[in-house]
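In what follows, every heavy atom counts, from backbone to side chain, and hydrogens, waters and symmetry copies are set aside.
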Amino acid sequence: MCMNVLSKEIILGGGCFWCTQAVFDGVKGVVYTEVGYSGGKPNPSYESVVNGDGNIEVAKIVYDEKQISLEKILEIFFKMHDPTSKDKQGADEGIQYRSAIFYQDDEDLTTITNFIKSAQRNYSKAILTQVSKLQKYYKGEEYHQKYFEKNPNQAYCRFVIVPKLEKTSDYR
């Protein structure tokens, strides 16, 4: 993977990582996506995450900040999931589905904090998105990478991911 100097990364947890990756794969300015885990015990596997090891299903979003801003990434992220839901997105329940943003650049924290403060006025319930400096990211198993792209007709993809793609279609 060749990244230019303008590329930045943000790690997002917005429910099932298949959904987050599928939404951001089509966004102009996003140069790479990958699914994985963060926020819990070391060296997770899908099985350990499902069994509550504290990790969150996340998507690594690498973007060209000359083409898309972090604010726009956050706007899409908040449109594709419910940031007011605790440990749940739709029918997916568990701590691995909590809303989270893991940043690496301290400058991004200010942008994230200001975005959430501004976005709060659009929600009647409190935004519960966890915001933390990234400690460790673990790449997910290969069979989870680009899941929607490989399985567009699978029932979960049709009934859960496709509506998220439709909600964010203005960003493609």
Side-chain angles (χ1 to χ4, degrees), residues 9-25 27 30 33-61 70-106 108-141 144-145 147-148 154-169 171:
E9 289 183 9
I10 193 80
I11 309 294
L12 304 174
C16 175
F17 52 14
W18 298 341
C19 298
T20 308
Q21 182 176 47
V23 164
F24 282 96
D25 271 346
V27 172
V30 171
T33 64
E34 179 180 280
V35 297
Y37 313 104
S38 192
K41 293 181 181 172
N43 303 311
S45 65
Y46 182 71
E47 291 72 26
S48 71
V49 172
V50 168
N51 288 314
D53 72 1
N55 278 288
I56 302 169
E57 289 190 14
V58 295
K60 176 191 290 189
I61 311 300
L70 178 56
E71 290 90 348
K72 188 60 74 176
I73 297 277
L74 296 172
E75 183 181 317
I76 297 165
F77 177 58
F78 273 55
K79 189 165 189 161
M80 64 145 296
H81 87 296
D82 179 1
T84 69
S85 184
K86 182 174 172 35
D87 300 342
K88 179 179 180 354
Q89 290 295 314
D92 294 328
E93 286 192 58
I95 61 171
Q96 72 270 27
Y97 298 119
R98 65 190 180 270
S99 177
I101 302 170
F102 294 98
Y103 65 93
Q104 297 171 57
D105 183 339
D106 288 334
D108 290 346
L109 178 58
T110 302
T111 301
I112 294 163
T113 303
N114 290 339
F115 179 87
I116 291 173
K117 282 181 188 172
S118 178
Q120 182 59 66
R121 67 177 165 250
N122 299 320
Y123 296 90
S124 58
K125 297 189 297 186
I127 291 174
L128 302 176
T129 303
Q130 169 190 331
V131 178
S132 305
K133 185 151 190 165
L134 180 67
Q135 300 302 311
K136 188 74 174 153
Y137 165 83
Y138 299 92
K139 182 179 179 180
E141 296 83 356
H144 287 299
Q145 304 300 327
Y147 190 85
F148 177 73
Q154 193 260 3
Y156 184 91
C157 293
R158 287 195 337 265
F159 295 109
V160 179
I161 299 176
V162 168
K164 289 177 184 284
L165 292 171
E166 290 168 352
K167 280 172 61 172
T168 58
S169 64
Y171 300 98

### Message
I'd like to know if the side chain of Glu57 and the backbone of Phe17 have a donor-acceptor N/O pair within less than 3.5 Å.
### Response
yes
### Query
How far does CG of Leu74 sit from OG of Ser118, to the nearest 0.5 angstrom?
11.0 Å
### Over all atoms of both residues, closest heavy-atom pair of Phe102 and Gly39
CZ-CA, 4.0 Å
### Whether over 12 other heavy atoms sit under 6.0 Å from Lys133 NZ
yes
### Task
Specify the closest pair of heavy atoms between Tyr37 and Pro44, including all atoms of both residues, with the distance to one decimal.
CB-CG, 3.7 Å
#### Entry: Taking every non-hydrogen atom, the tightest pair across Ile161 and Ala22
CG2-CB, 3.6 Å
### Query
Do Ile116 and Val131 have side chains that get closer than 4.5 Å, going by heavy atoms?
yes
### Query
Taking atom SG of Cys16 and atom CD of Gln21, what is their separation to the nearest 0.5 Å?
10.0 Å
### Task
Please examine the side chains of Val35 and Gln145, heavy atoms only from C-beta on, and report whether any two atoms are closer than 4.5 Å.
yes
### Query
When rounded to the nearest 0.5 angstrom, what distance separates CZ in Phe115 from OG1 in Thr113?
12.0 Å
### Message
Over 60° means perpendicular and under 30° means parallel, so tell me whether Tyr123 and Phe78 are parallel, tilted or perpendicular.
### Response
perpendicular
### Query
Any side-chain heavy atom of Ile112 within less than 4.5 Å of one from Ile10?
yes
### Message
For Trp18 and Tyr156, take the angle between the two ring planes, folded into 0 to 90°, and tell me which bin it lands in: parallel under 30, tilted 30 to 60, perpendicular over 60.
### Response
perpendicular
### Query
Can you name the nearest heavy-atom pair linking Ile95 to Gly54, along with the distance?
CD1-CA, 3.6 Å
### Task
Please lay out, stage by stage, how Ile56 and Ser38 fare under the test side chain to side chain contact (heavy atoms under 4.5 Å, CB included).
CA-CA 5 Å; Ile56 302 169; Ser38 192; 5.8 Å; no
### Between CD1 on residue Ile61 and CD1 on residue Ile76, distance to nearest 0.5 Å
9.5 Å
### Message
Let me confirm one number: the CG-CG distance from Asp105 to Leu134, rounded to the nearest 0.5 Å.
### Response
12.0 Å
### Message
When you compare the side chain of Lys79 with that of Val23, does any pair of heavy atoms fall below 4.5 Å?
### Response
no
### Message
Taking the six-membered ring for Trp, are Phe77 and Phe24 closer than 6.0 Å centroid to centroid?
### Response
no
### Task
Could you tell me which residues satisfy salt bridge (Lys or Arg N to Asp or Glu O under 4.0 Å) with Asp25, sequence neighbours excluded, listed by chain and number?
Lys146
### Message
As a quick check of understanding, evaluate side chain to side chain contact (heavy atoms under 4.5 Å, CB included) for Ser99 and His81, giving each step before the final call.
### Response
CA-CA 8 Å; Ser99 177; His81 87 296; 2.7 Å; yes
### Query
Heavy-atom distance under 4.5 Å between the side chains of Lys86 and Leu128, does that happen here?
yes
### Task
Quick one: closest heavy-atom pair of Cys19 and Val160, and the distance?
SG-CG1, 3.8 Å
### Message
Given Tyr137, which partner from the list Glu34, Lys60, Glu9 fulfils the side chain to side chain donor-acceptor pair (under 3.5 Å) test?
### Response
Glu34
### Task
To the nearest 0.5 Å, tell me how far Arg98 CZ sits from Asp87 CG.
6.5 Å
### cation_pi(Lys136, Tyr138) dist<6.0 Å, angle<=45
yes
### Side-chain heavy atoms of Val30 within contact of Ile73, under 4.5 Å
yes
### Query
Which atom names give the shortest non-hydrogen contact between Ser48 and Asp53, and what distance separates them?
OG-OD2, 2.7 Å
### Query
Would you say Glu141's side chain and Tyr46's backbone share a donor-acceptor pair under 3.5 angstrom?
yes
### Task
Say whether, by atom type as modelled, one donor and one acceptor occur between the side chain of Thr168 and the main chain of Lys164 under 3.5 angstrom.
yes
### Query
Are Asp82 and Lys88 within salt-bridge range, i.e. N to O under 4.0 Å?
no
### Task
Verify side chain to side chain contact (heavy atoms under 4.5 Å, CB included) between Phe148 and Gln154, making sure each step is shown before the conclusion.
CA-CA 8 Å; Phe148 177 73; Gln154 193 260 3; over 6 Å; no
